[in-house]
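The chains referred to below are lettered A, B, ... by the order of the sequence lines, with proteins before strands, and numbering in each begins at 1.
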There are 2 protein chains.
Amino acid sequence: MSLVKIYDTTLRDGTQAEDISFLVEDKVRIAHKLDEFGVHYIEGGWPGSNPKDVAFFKDIKKEKLSQAKIAAFGSTRRAKITPDKDQNIITLIQAQPDVVTIFGKTWDFHVREALRISLDENLELIFDSLEYLKAHAPEVFYDAEHFFDGYKANPEYAIKTLKAAEEAKVDCIILCDTNGGTMPFDLADIIKDVKKHIKTPLGIHAHNDSECAVANSLMAVSLGIVQVQGTINGFGERCGNANLCSIIPAMQLKMHKESVPGEKLKKLRELSRYVYELANFSPSKHQPYVGNSAFAHKGGVHVSAIQRHPETYEHLRPELVGNSTRVLVSDLSGRANILAKAEEFQINLDSKDPVTLEILDNIKEMENRGYQFEGAEASFELLMKRALGTHKKFFSVIGFRVIDEKRHEDQKMISEATIMVKVGGKVEHTAAEGNGPVNALDNAIRKALEKFYPRLKEVKLLDYKVRVLPAGQGTASAIRVLIESGDKQSRWGTVGVSDNIIDASYQALIDCIEFKLHKDEESEASRK
Amino acid sequence: MSLVKIYDTTLRDGTQAEDISFLVEDKVRIAHKLDEFGVHYIEGGWPGSNPKDVAFFKDIKKEKLSQAKIAAFGSTRRAKITPDKDQNIITLIQAQPDVVTIFGKTWDFHVREALRISLDENLELIFDSLEYLKAHAPEVFYDAEHFFDGYKANPEYAIKTLKAAEEAKVDCIILCDTNGGTMPFDLADIIKDVKKHIKTPLGIHAHNDSECAVANSLMAVSLGIVQVQGTINGFGERCGNANLCSIIPAMQLKMHKESVPGEKLKKLRELSRYVYELANFSPSKHQPYVGNSAFAHKGGVHVSAIQRHPETYEHLRPELVGNSTRVLVSDLSGRANILAKAEEFQINLDSKDPVTLEILDNIKEMENRGYQFEGAEASFELLMKRALGTHKKFFSVIGFRVIDEKRHEDQKMISEATIMVKVGGKVEHTAAEGNGPVNALDNAIRKALEKFYPRLKEVKLLDYKVRVLPAGQGTASAIRVLIESGDKQSRWGTVGVSDNIIDASYQALIDCIEFKLHKDEESEASRK
């Protein structure tokens with residue numbers, strides 16, 4: 001297998017995405033994760049552009065990476081000065097990276113309009129910036145910005161810019177589809193022509209504006225390109241950069257090109273999730289290879305076939321990339337799936353015990369009514385405990401009432417809840433206000449129960465999601481509420497379903513509190 | 001420009017996505033939108049698989065589409081019976097679509113393992129299912145399932161299955177990458193070989209499991225394929241189908257292939273958003289061509305260049321697909337956008353009138369708070385009317401109260417609303433129950449107002465959607481409610497936003513009723 005090197009730019013080009021902003025510590029943590037995964041180059045930032053990037057290069061020097069090389073990004077020198085006087089180039093060298101990557105102009109239009117210099121001057125700029133860097137950095141790469149657009153506009157000149165880099169004995173020339181508009185067949189034709197003129201190893205840097213970044217990168221690899229630049233999860237400005245989470249497994253499993261060590265591929269999903277977490281983004285369900293839905297099957301025809309021969313409806317075995325097959329619960333699937341789910345939550349069910357079968361039917365019936373235990377593992381655990389008789393009743397709610405009131409057209413609404421609970425022999429009757437009925441009810445429940453269980457004060461409601469489920473045959477549409485809560489130690493999700501949104505929220509709130517009480521009791525018991 | 005026909009399967013394959021489930025009414029609305037956009041074929045469902053799909057084909061018959069043809073999906077006949085006895089094929093014909101599309105097996109492995117018949121029997125099955133359908137339907141397409149995987153396993157047999165379809169004189173043969181695992185260069189080689197053997201027009205149906213569905217479809221088009229199957233926003237099982245929102249503009253603007261009428265392309269973003277709304281999904285920010293970030297620029301270098309020469313960092317002009325350039329962290333966008341929106345709803349605003357500028361700022365501020373007028377055109381129209389002083393106040397709500405009550409742990413919840421309204425000089429004070437607080441409030445409002453405006457009895461609440469908006473800096477999270485209502489003549493959407501779900505629902509309900517009253521008065525006035 002021939003080797004294709006991975007150049008990750010999550011920490012530089014990836015941070016150009018709207019809403020992505022990593023702390024220096026996040027960047028260091030991600031760099032470690034990328035290094036462990038086997039990425040060859042990690043582009044850490046543009047030290048000439050901001051102090052945060054300078055700090056990263058300083059901090060990363062103190063860390064021990066197992067194999068990855070750290071790259072710093074910058075541009076060719078400005079016009080009319082020598083490289084040794086150019087502040088951008090000086091900063092690049094001062095950052096002491098293992099690799100320096102600079103970009104330069106390919107497109108004649110940009111040379112004239114953005115740089116406002118002659119075409120020949122631009123060639124000098126490329127050549128002597130690179131020649132100077134080669135003398136001061138261990139490895140030097142050249143990013144040919146707008147290469148494909150430049151080539152389409154003026155192929156001779158575009159090739160000349162690459163020749164200038166080649167003459168400077170640069171280690172790799174990267175062809176960039178900066179605007180992301182290139183079609184895969186055009187890209188292939190252009191690369192074939194470049195290879196006639198350039199002997200330096202070539203790389204590809206694609207953007208996803210045409211939804212072709214992954215395909216363009218793979219196309220380039222199939223034509224002998226030896227370095228792929230991209231980001232984890234395809235993060236990046238506008239529509240993102242080429243997604244390494246889709247490129248790496250395709251090269252390894254479909255094209256028999258080695259990139260990261262083969263055994264690391266099983267950590268792909270974990271890496272993807274890790275970067276989502278640090279970016280504070282929800283992972284994309286439908287993301288190829290690593291998404292929750294990537295190997296999920298709904299249709300009945302598919303499901304039975306999948307069970308006999310997974311390859312019939314899966315392009316590869318999900319385990320290879322750290323993912324797994326999921327059979328979605330619909331009327332067609334069911335028991336096997338629920339048993340698998342119980343196992344996932346470490347609850348042992350014996351599929352042959354008639355009591356178990358009854359439980360399973362209950363759960364299936366609940367799922368048909370719109371319950372969903374993805375993201376509501378706490379409700380699932382409580383449900384199983386109730387059914388198995390291992391559930392302890394810490395309290396009961398005798399009744400409650402929520403009032404939402406607007407006394408005058410121009411007045412703000414008021415929400416108030418009253419509740420009556422019973423703990424042991426004692427009854428507590430109280431009331432609370434809130435922002436909206438659910439918040440009022442949540443406040444009232446806690447107020448009533450905190451008296452008996454002070455540790456409930458630690459619980460915070462972190463997220464609240466409502467979905468109106470489409471009406472089934474002959475039934476009113478149901479409302480599903482998902483609540484995520486947490487305390488200092490952990491986070492848990494609960495669910496409620498009803499035709500009444502207050503009732504659905506109530507169920508999820510009660511489960512949230514019961515789960516907390518069970519959890520605390522279990523952790524106390526284990527400590528004894 | 002040569003013509004490539006668009007075959008949309010959002011309503012069939014798109015609904016295989018986890019969490020996507022359209023009501024029959026949603027499907028009809030989407031079909032209208034696709035028809036207006038200029039899509040050639042709309043695959044409405046698999047009538048043999050479920051009663052909801054049967055209902056769609058019945059309902060769509062009553063609608064007037066301007067040009068799109070409706071296709072029904074199914075499979076080849078079962079083994080050992082003739083097509084006229086096959087329930088699946090009978091149901092397809094009974095649905096009376098303009099086109100019937102059936103899939104059959106290409107992959108020898110599937111024939112043996114899934115169908116458990118001989119390879120020759122499968123060829124007969126393909127041939128005589130199609131021959132029979134050709135005699136009973138105006139147009140017949142053949143989806144060669146798993147074509148590329150089948151070809152890789154056994155090219156001779158894969159071609160034979162296509163030949164069987166060709167002999168049945170089918171109108172188009174669609175090569176399907178069912179598992180979505182095919183690489184673009186492999187796909188190209190295989191299509192080139194197919195074209196040596198098959199003269200029937202060819203189509204492509206790609207899935208996105210390798211993140212190559214768009215590129216694969218475009219690659220196929222560049223090789224002369226004349227029908228592209230896909231879905232709006234790439235909805236579909238697992239990682240989705242080929243995304244028509246990326247394929248259509250690439251064909252039109254980059255490949256000079258005609259598909260939908262050129263002037264329709266400006267409606268691309270609107271179409272994408274419409275389908276997201278009905279699916280109750282947040283649009284993907286980074287989606288190519290149509291996403292909010294698709295033409296957003298963050299980097300300072302980019303921004304100044306963009307302003308001088310947009311083509312320097314944009315692969316095409318965003319206006320061509322109904323999108324716009326956004327410069328992040330600045331106030332440069334906004335106004336032009338809102339003016340464009342007002343124009344869309346046929347309200348004339350003069351951008352230079354200072355009153356107009358004030359209105360525009362208000363609207364912008366509302367959008368920042370979470371209002372969204374996509375899918376809530378009625379609220380937008382009312383808002384403009386209120387601001388322009390052309391709004392008539394038919395009634396005022398003096399106050400209301402909603403009570404949700406559970407009197408005992410095991411009892412069902414009760415929701416009751418009271419309301420006091422004033423119409424002319426008269427006050428009406430009344431109450432009603434409902435399934436949940438919003439339904440109770442809706443019932444009470446109507447009960448109070450129907451006395452004065454009997455035509456409100458015609459209004460039906462068709463859909464209710466809730467979205468919890470992420471919290472901004474220092475603000476509580478807001479709740480957006482979208483309500484869709486209709487009477488015999490039309491349908492309209494309204495929106496409300498508040499930190500209180502009852503308040504947000506109340507706003508949307510009031511807009512719904514005001515819109516109906518305005519609409520009726522205007523239509524009466526125009527009749528006089």
Could you walk me through whether A:Glu314 and B:Arg238 pass the side chain to side chain contact (heavy atoms under 4.5 Å, CB included) test, one step at a time? CA-CA 10 Å; A:Glu314 286 177 343; B:Arg238 306 188 309 273; 5.7 Å; no

Considering all heavy atoms of both residues, which atom of [X] and which atom of [Y] are nearest to each other, and what is their separation?
X	Y	answer
A:Cys212	B:Leu218	SG-CD1, 4.2 Å
A:Tyr289	B:Cys239	N-SG, 4.5 Å
B:Ala17	A:His286	CB-CE1, 4.2 Å
B:Pro184	A:Met219	CB-CE, 4.1 Å

Top of [options] for chain B proximity - count of heavy-atom pairs under 4.5 angstrom:
options	answer
A:Glu416, A:Met413, A:Gln287	A:Met413
A:Ala294, A:Pro249, A:Gly180	A:Ala294
A:Gly181, A:Gly436, A:Pro288	A:Pro288
A:Pro437, A:Gly234, A:Ser284	A:Pro437
A:Gly399, A:Ser210, A:Ala188	A:Ser210
A:Asp209, A:Ile403, A:Asp177	A:Asp209

In terms of heavy-atom pairs under 4.5 Å with chain A, which of [options] leads?
options	answer
B:Ser293, B:Ser415, B:Ala504	B:Ser293
B:Ile247, B:Thr182, B:Asn500	B:Asn500
B:Asp26, B:Ile414, B:Asn243	B:Asn243

Side chain, backbone, both or neither: which part of [X] has a non-hydrogen atom closer than 4.5 Å to chain A?
X	answer
B:Met183	side chain
B:Glu211	both
B:Lys465	backbone

Return the CG to CE distance between A:Asp186 and B:Met255, rounded to the nearest 0.5 Å. 8.0 Å

Sub-4.5 Å side-chain heavy-atom contact between A:His207 and B:His315: no

Under the side chain to side chain contact (heavy atoms under 4.5 Å, CB included) rule, what do B:Glu405 and A:Thr418 come out as? Steps first, then yes or no, please. CA-CA 9 Å; B:Glu405 197 168 29; A:Thr418 68; over 6 Å; no

Tell me, please, which residues at least two apart from B:Phe185 pass ring pair (Phe, Tyr, Trp, His ring centres under 6.0 Å). none

Over 12 foreign heavy atoms within 6.0 Å of NZ, A:Lys422: no

Parallel, tilted or perpendicular, judged at 30° and 60°: which one describes the rings of A:His146 and B:Tyr313? tilted

Taking side-chain contact (heavy atoms from CB on, under 4.5 Å) as the criterion, tell me which of B:Asp503, B:Ile501, B:Asp404 meets it with A:Asp404. B:Asp404

Heavy-atom contact with chain B under 4.5 Å, split by part of A:Lys406: both

